[in-house]
Participant: 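Mind looking over this structure? Questions follow.
Remember, it's 1-based here, ligands and their atoms both numbered in the order they're listed.
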Amino acid sequence: MIMTEKILVTGPFGQIGSELVPELQNRYGKENVVALGHRHIPDDYQGLLETGDVRNREEMEKIIDKHEITQVYHLASILSAIGEKKPQLTWDVNVNGLKIFLDLAVEHEIKLFWASSIAVFGPTSPLDNTPQHTILEPVTMYGVTKVTGELMCQYYHEKYGVDVRSLRYPGLISYKEEPGGGTTDYAVEIFYKAIEDGEYTCFVKEDTLLPMMFMEDAIRGTLMLMDAPKEDITVRTSYNHAALSFNVKELAEEIKKYIPDFTVSYEPDERQDTADSWPDSIDDSKARDDWGWEHKYDLEKMTKVMIENLRKKLKE
Ligand code: AKB
């Protein structure tokens with residue numbers, strides 16, 4: 001008998017979740033995917049829904065029991081910019097929340113996906129083609145929680161055999177749901193502003209270079225990692241996961257191919273320091289060798305799809 005997976009997604013209506021949930025529903029059926037709503041629940045969501053707080057173990061365990069959950073995609077997270085403003089909340093959600101799911105994974109034999117980030121790196125990491133295994137001394141609270149979380153994942157795998165898998169996402173670019181409270185948010189905002197206003201004031205400098213990825217690639221990578229045979233997974237902290245790197249000027253030039261009069265001005269704020277502490281580019285050869293990761297979107301293709309889809313969305 002083939003066992004059907006029963007999947008719980010935390011952060012299901014955030015930037016990643018809003019695109020991952022429909023993919024999981026297509027694969028496993030709507031009746032096998034449970035979205036954990038917290039504050040923002042879209043009116044048009046169709047599927048199983050529970051509400052709860054990832055910091056509440058009892059609530060999470062009830063949902064896991066009720067739906068006989070076999071896999072959790074734990075995406076709920078406070079991002080880097082909010083993390084600097086609300087460090088305690090960031091610790092509670094990003095570290096204590098993860099620990100609850102790791103403990104529940106031991107007790108209920110759950111396969112777990114957890115979202116990490118390029119924020120685990122810091123100014124002492126080699127920032128060009130940053131290796132998988134290197135110095136991790138982040139200077140943001142968000143980064144500190146992600147390093148802690150990665151080490152917890154590895155510990156639970158080594159000690160209790162939890163099948164936990166994770167990706168260090170770069171800045172993610174998408175047109176369905178906007179990101180909230182991150183440093184790389186400018187790379188999405190710029191598209192909205194270009195189409196709506198023809199101008200954008202960017203909160204990081206024009207030569208700020210960061211690793212980025214189109215959401216379709218990120219979702220495909222996430223599912224590839226979860227599908228990979230256990231024995232192929234050699235990294236139980238979190239895999240470097242890369243696609244492209246560009247600076248704001250290069251992105252603006254690409255957008256100008258569609259909106260020739262588009263102008264960008266620059267007013268760097270405190271998020272510049274965070275961006276400067278993160279890598280310019282990432283070496284993700286481990287992901288490529290271990291489970292066949294390959295990205296499909298370059299800057300040109302991504303910009304085309306973003307502009308086309310956002311024009312449609314904003315007209316509606
Ligand atoms: C952020 O900017 O905080 C996130 C990330 C790179 O993890 N997008």
Participant: Which class fits the ring pair Tyr142 and Trp278: parallel under 30°, tilted 30 to 60°, perpendicular over 60°?
Facilitator: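 The arrangement is tilted - the two ring planes meet at 30° to 60°.
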Participant: Looking only at protein heavy atoms, which one is nearest to atom 8 (N) of ligand 1, and how far off is it?
Facilitator: Thr184 OG1, 2.8 Å
Participant: Give me the nearest non-hydrogen protein atom to atom 5 (C) of ligand 1 as residue plus atom name, then the distance to 0.1 Å.
Facilitator: Ser117 OG, 3.5 Å
Participant: Within the 3.5 Å criterion, strictly below it, is a donor on His67 or Glu50 matched to an acceptor on the partner's side chain?
Facilitator: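 Result is yes, a qualifying pair exists.
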Participant: Aromatic ring centroids of Tyr73 and Trp114 under 6.0 Å?
Facilitator: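 Distance test on ring centres: not under 6.0 Å, no.
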Participant: Using 30° and 60° as the class boundaries, would you call the ring planes of Trp293 and His241 parallel, tilted or perpendicular?
Facilitator: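 The rings of Trp293 and His241 sit tilted, inter-plane angle from 30° to 60°.
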Participant: Polar contacts were defined as any N/O atom of the residue lying under 3.5 Å from an N/O atom of the ligand; does this apply to Trp278 and ligand 1?
Facilitator: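 N/O-N/O distance under 3.5 Å: no.
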Participant: What is the closest protein heavy atom to atom 2 (O) of ligand 1, and at what distance does it sit?
Facilitator: Thr183 N, 2.7 Å
Participant: Below 4.0 angstrom from a heavy atom of Leu79, which ligand 1 atoms are there? Numbered from 1 as shown, please.
Facilitator: 3 (O)
Participant: Name the closest protein heavy atom to atom 3 (O) of ligand 1, giving the residue it belongs to and the distance to 0.1 Å.
Facilitator: Ser80 OG, 2.6 Å
Participant: Is the ring centre of Tyr45 less than 6.0 Å from the ring centre of Phe13?
Facilitator: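 Tyr45 vs Phe13: aromatic centres under 6.0 Å.
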